[in-house]
**Q** 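Please see the structure below; I have some questions.
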Amino acid sequence: MKCKINGDVFNFEQPINIQEVIQSLGLDETRIIVEHNETLIKREQFTSRIVNDEDNLELLEFVGGG
Amino acid sequence: MFKIGNFTLNSRLLLGTGKFENEKVQTQAIEASETEVLTFAVRRMNLYDKDLPNPLAKVDLSKFITFPNTAGAKTAKEAVRIAEIANHAGVCDMIKVEVIGDDETLLPDPLETYEACKVLLEKGYTVCPYISNDVVLAKRLEELGVHAIMPLASPIGTGRGINNPLNLRYIIERVNVPVIVDAGIGSPKDACHAMELGADGILLNTAISSATDPVKMAEAMNKGISAGRLSYEAGRIPVKYTAQASSPTEGIGFL
């Protein structure tokens, strides 16, 4: 299945949960903010929320800014 | 001491966290500034280069009043979305509404800024809009219910200091909510000047983070802001055209 993550297309063998997406990309989970199909996802939902074909994920964080 | 919404601030220096070279310098500069309020931005994570430094990730934001900005937004809708993201993450004590209307000058879009403030106030945020030196817009935003007004000194990152002291003073005198001068400060002289005009505080970033020695500059800015505030409270002497001797003019017959 194909989904968009931060604007780029990613391929996964089957629908997976958000936690698995983060792990497969090797990202620091502690500072990540996840928006799944324009809905903000709580950390405790990372394992239950499934990413399906054609879904859109935004993986965001805070950075320095003024 | 002054208040923005429900937040009481002892320090009048609000600090942006962009462009610090590394975590160590950033930490020391934050300490030297004695700020209680930190500003930061929301961005996409880099999925490909995980080694890119993010000094902000090391800062314990729970020790500060969190003041994310909506930088990057060009519409009210985008600004609201950024605020919602920061709020969802639990680090949005106050929101700096920054909606840029011109890519070259990075000057704010007054109409989109107003609309974003309206929506965010309805949602219960503590709202502080970044605006040009426009006293009418400042008054309209105050009527809307914003918690502070943040007029620029000069365009973001230019370090040009206070370009329009007259309009800045009009804003300070005409609105009753706190006025935080934001953007364009270059040196402690500029920060002191803004405080002497009666600003309640200064939001700084580049002037500290891009100084040759950001830690020393943070201390200098802190002192400049304190000095400016003291001067404002003390009441400076009027500017005169003719000289007036400070030593007695009598008793000089022996000369």
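Just so it is clear, the values below take in all heavy atoms, side chains as well, and ignore hydrogens, waters and symmetry mates. Letters go in sequence order (proteins before strands), and every chain restarts at 1.
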**Q** Regarding A:Asn6 and B:Tyr48, do their side chains bring together a donor and an acceptor under 3.5 Å, going by distance alone?
**A** no
**Q** What part of B:Gln26 is in contact with chain A, defined as an atom under 4.5 angstrom from a non-hydrogen atom: side chain, backbone, both or neither?
**A** neither
**Q** At a heavy-atom separation under 4.5 Å, does A:Ile5 approach chain B through its side chain, its backbone, both, or neither?
**A** both
**Q** Is it the side chain or the backbone of B:Val59 that comes within 4.5 Å of chain A heavy atoms, both, or neither?
**A** neither
**Q** Could you tell me whether the side chain of A:Lys42 and the main chain of B:His88 form a donor-acceptor pair under 3.5 Å?
**A** no
**Q** Just wondering, more than 12 heavy atoms not from A:Arg49 lying within 6.0 Å of its CZ?
**A** yes
**Q** Is it the case that more than 12 heavy atoms not belonging to B:Glu21 sit under 6.0 Å from its CD atom?
**A** no
**Q** Looking only at heavy atoms and a cut-off of under 4.5 Å, which of B:Ile156, B:Leu47, B:Asn69 has the most pairs with chain A?
**A** B:Leu47
**Q** When rounded to the nearest 0.5 angstrom, what is the spacing between CZ in B:Arg44 and CG in A:Leu59?
**A** 9.5 Å
**Q** Under a 4.0 Å N-O cut-off, is there an ion pair linking A:Glu35 with B:Arg81?
**A** yes
**Q** Looking at every heavy atom in both A:Arg31 and B:Ala57, which two are closest together, and how far apart are they?
**A** CD-CB, 3.8 Å
**Q** Let me know if A:Ile33 has heavy atoms under 4.5 Å from chain B in its side chain, its backbone, both or neither.
**A** side chain
**Q** Can you tell me which portion of B:Asn46 sits under 4.5 Å from chain A's heavy atoms? Options are side chain, backbone, both or neither.
**A** backbone
**Q** Classify the ring geometry between B:Phe40 and A:Phe62 as parallel (under 30°), tilted (30 to 60°) or perpendicular (over 60°).
**A** perpendicular
**Q** Which region of A:Glu61, side chain (C-beta onward) or backbone (N, CA, C, O), has a non-hydrogen atom less than 4.5 Å from a non-hydrogen atom of chain B, or is it both or neither?
**A** both
**Q** Under a 4.5 Å heavy-atom cut-off, does chain A meet the side chain of B:Lys19, its backbone, both or neither?
**A** neither
**Q** Does the side chain of B:Arg43 come within less than 4.5 Å of A:Leu60's, by heavy atoms?
**A** no
**Q** Checking B:Ala86 against chain A: side chain, backbone, both or neither under 4.5 Å from a heavy atom?
**A** both
